[in-house]
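Below is one structure; the comments refer to it alone.
Predicted model only: the values in this text are computed from it and were never measured. Remember, it's 1-based here, ligands and their atoms both numbered in the order they're listed.
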Amino acid sequence: MSSSYELVSIPSNHDDRGSIAFYNIKDILDFKIERVYWLYNLTQPRGEHAHKNLKQFMFCPNGKIEIDVDDGKNKDSITLDSPNLGLIIKKPVWRRIKGIDYNSTLIVMASEEYDENDYIRSYEEFLQWKLNS
Ligand code: TYD
């Protein structure tokens with residue numbers, strides 16, 4: 001796995017009534033969360049872009065989500081199929097998000113507020129930007 005991202009386990013507690021998954025932000029993340037958004041009703045892949053500065057922590061509390069990540073050198077495909085798995089994106093990667101089950105939800109905790117200037121929406125531009133950064 002590249003140093004641009006990390007898969008983490010989210011602790012949980014289970015009993016006859018059901019399960020609770022939880023984490024203290026400081027135990028998992030080295031950045032503050034400024035924004036939360038979630039993807040749902042996914043019918044086609046999306047999120048095909050990179051961010052220059054944004055860090056993100058994402059998890060799939062229900063369903064199954066596939067996230068392709070590409071740091072410009074290595075490509076990987078990560079499947080989030082458990083409420084107890086989280087993906088931290090620490091450095092810029094080109095990514096693509098696909099809902100495997102229609103009812104899948106991807107919750108994303110982001111380090112910055114929405115800023116279109118932080119996006120790179122062309123893969124070629126991303127590769128060039130990586131070379132120069
Ligand atoms: P975007 O991040 O561009 O996703 P995708 O690459 O899958 O299309 O989000 C789609 C649109 O949603 C974007 O053009 C603007 C809006 N948006 C916000 O206004 N705030 C947000 O925090 C996010 C994530 C998206």
Practice task
Take Lys55 and Asp30 through the side-chain contact (heavy atoms from CB on, under 4.5 Å) test and state the conclusion after the steps.
Solution key: CA-CA 10 Å; Lys55 295 180 181 180; Asp30 65 356; 4.0 Å; yes
Show me, pair by pair, the donor-acceptor contacts under 3.5 angstrom made by side chains of residues 33-43, not counting sequence neighbours?
{"residue": "Arg35", "atom": "NE", "partner": "Glu112", "partner atom": "O", "Å": "2.8"}
{"residue": "Arg35", "atom": "NH2", "partner": "Glu112", "partner atom": "O", "Å": "3.3"}
{"residue": "Tyr37", "atom": "OH", "partner": "Gln56", "partner atom": "NE2", "Å": "2.8"}

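- The local environment of CD in Gln44 is sparse, with at most 12 non-hydrogen atoms from other residues, nucleotides or ligands closer than 6.0 Å.
- Trp94 and Phe126 have tilted rings, their planes meeting at an angle from 30° to 60° on a 0 to 90° scale.
- Ring pair Phe59/Phe57 is tilted by interplanar angle, where 30° to 60° counts as tilted.
- Residues lining ligand 1 at a heavy-atom distance below 4.0 Å are given as Arg35, Tyr37, Arg46, Gly47, His49, Tyr114, Tyr119, Arg121, ordered by chain and residue number.
- Under a 3.5 Å cut-off, the side chain of Ser12 and the backbone N or O of Ala21 do not form any donor-acceptor pair.
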